[in-house]
Amino acid sequence: MGLLRVMMPPKLQLLALLAFAVAMFFLENQIQKLEESRGKLERAIARHEVREIEQRHTQDGLRERNSAAALSDREDDMVIIYNRVPKTASTSFTNIAYDLCGKNHYHVLHINTTKNNPVMSIQDQVRFVKNVTEWREMKPAFYHGHISFLDFTKFGVKRKPIYINVIRDPIERLVSYYYFLRFGDDYRPGLRRRKQGDKKTFDECVSAGGSDCAPEKLWLQIPFFCGHYSECWNVGSKWALEQAKYNLVNEYLLVGVTEELEDFVMMLEAALPRFFKGATELYKTGKKSHLRKTSEKKPPTKESIAKLQQSAIWKMENEFYEFALEQFQFVRAHAVREKDGELYLLAQNFFYEKIYPKN
């Protein structure tokens, strides 16, 4: 058989070639459009990712600013109450607060009660709590006065004030107060005191069994920390002692002792710089107004001390003092070190790690 060759006419071949060329052109055009579309899509995705990153950074910055603002607001809303016990170097410490208030931008308010009564009426308690929590024009604030501890939680407040205080060896405090009532001090030497003119020494008072040096007069630091419960003021109450201990460790940020006042000031400056920045240097180099001293004070004899120490009241007040001293020294041991006779604060001793989820 012969080979049958089908030959396409030249005209049809030209048309086929032209159709193929048109098809290739169309296909290339479509491919180019797809490439352009893909490029546009990639650029759109990239822009979206950039916007997301910028938005996230903006939100992070806003959160940081809000966090900083919230912290500042909390500090500006802060209230400290120093319910100072008489004759514990309270005036010396309070003068530091007065000297710093202008520089550190806070208010200092003295709580002056009628006849120095440390117990408030129920209506005054409500007024005081309302003032402390709602008096925005006076915030941040440092209140001080000879008042017993007041539990703010009983009044339904959302944010309680920060309590601080200083206590002293009970016999030393009583001796200081005894002579203060008779001779005053170098702070206001011209002011006439309640017992002025009485020249009897503390030893003579103890020997004669006088009321101003009786063991019952030692009962003061426990009720100041115990608070506004009737049992707090029952002399020799074991319940009052335990309540005072409970309040000291649960309601007070820091309770110092007169004998180690510089350490107390230094730790307050570290913990609450919003109020006490510069307090340590001021305490060390400040004016003599920070060192208030009772005039004509004579140390008691061993016999007078021994007689007072026989009382159950002294034993309880001393137990509270020793308890406070031990707690203060415990806090100090974890905050302060001494080198070459100088105190210095420990650096931050904690950090964060293993933070999840990872960004």
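These numbers come from a predicted model, not from an experiment. All values below come from the heavy atoms of this structure, side chains included, with hydrogens, waters and symmetry mates left out.
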*To which residues is Tyr246 joined in a hydrophobic cluster, defined by side-chain heavy-atom contacts under 4.5 Å among Ile, Leu, Val, Met, Phe, Trp and Tyr, whether direct or through other members?*
none

*Answer yes or no: is there a side-chain heavy-atom contact under 4.5 Å between Val175 and Lys87?*
no

*asked:* How long is the straight-line distance from OG of Ser148 back to CG of Leu150, given to the nearest 0.5 Å?
replied: 7.5 Å

*Is there side-chain contact between Val85 and Arg168, with at least one heavy-atom pair below 4.5 Å?*
no

*Salt bridge present between Asp151 and Lys160 (N-O < 4.0 angstrom)*: no

*With a distance cut-off below 6.0 Å to the six-membered ring centre and an angular limit of 45° from the axis, does Lys298 pair with Tyr179 as a cation-pi contact?*
no

*Please determine, by modelled atom types, if His146 and Thr113 share a side-chain donor-acceptor pair under 3.5 angstrom.*
no

_Starting from Ile355 and following side-chain heavy-atom contacts under 4.5 Å between hydrophobic residues (I, L, V, M, F, W, Y), which residues can be reached?_
Phe350, Tyr352

*State yes or no: are the ring centers of Phe275 and Tyr106 separated by less than 6.0 Å?*
yes

_Under 4.5 Å between side-chain heavy atoms, counting indirect links through other Ile/Leu/Val/Met/Phe/Trp/Tyr residues: same cluster for Val126 and Leu109 or not?_
yes

*State, yes or no, whether a side-chain contact exists between Trp219 and Pro170 at a heavy-atom distance under 4.5 Å.*
no

*Applying salt bridge (charged side-chain N to carboxylate O under 4.0 Å, His left out), name anything that partners Glu172, two or more places apart in sequence or on another chain.*
none

*Taking the side chain as every heavy atom from C-beta outward, state whether Asn165 and Phe149 have any pair of such atoms under 4.5 Å apart.*
no

*Pairwise distance CD1(Ile313) to CG(Asn318) - rounded to 0.5 angstrom*: 13.5 Å

*Going by side-chain heavy atoms closer than 4.5 Å, which hydrophobic residues are tied to Trp239, directly or by a chain of links?*
Tyr229

*Could you check whether the rings of His144 and His110 sit parallel, tilted or perpendicular, using 30° and 60° as the cut-offs?*
parallel

_So Leu345 and Arg337, do their side chains get closer than 4.5 Å, heavy atoms only?_
no

*Indicate yes or no: does Lys200 engage Asp212 in a salt bridge with an N to O separation below 4.0 Å.*
no

*Please list, chain by chain and in numerical order, all residues satisfying side chain to side chain contact (heavy atoms under 4.5 Å, CB included) with Asp124, sequence neighbours excluded.*
Met120, Ser121, Arg127

*Tell me, please, which residues at least two apart from Tyr344 pass ring-ring contact (aromatic ring centres under 6.0 Å, His included).*
none

_Side-chain donor-acceptor contact under 3.5 Å, Thr91 with Arg84_ = yes

_Could you check whether Arg332 makes a cation-pi contact with Phe330, meaning its NZ or CZ is under 6.0 Å from the centre of the six-membered ring and within 45° of the ring axis?_
no

*Can the ring centroids of Tyr283 and Phe93 be said to lie less than 6.0 angstrom from one another?*
no

*For Tyr252 and Phe225, run ring-ring contact (aromatic ring centres under 6.0 Å, His included): C-alpha distance rounded to whole Å, both residues' side-chain angles, the deciding distance at 0.1 Å, then the answer.*
CA-CA 9 Å; Tyr252 284 79; Phe225 280 81; 4.8 Å; yes

*Return the orientation label for the Phe320 and Phe323 ring planes: parallel under 30°, perpendicular over 60°, tilted otherwise.*
parallel

_Charged tip of Lys130 within 45° of Phe128 ring normal and under 6.0 Å_ = no

*Without hydrogens or angle criteria, can the side chains of His107 and Tyr143 be said to hold a donor-acceptor pair below 3.5 Å?*
no

*Calculate, to the nearest 0.5 Å, the distance between atoms NZ and NE2 belonging to Lys277 and His105 respectively.*
10.0 Å

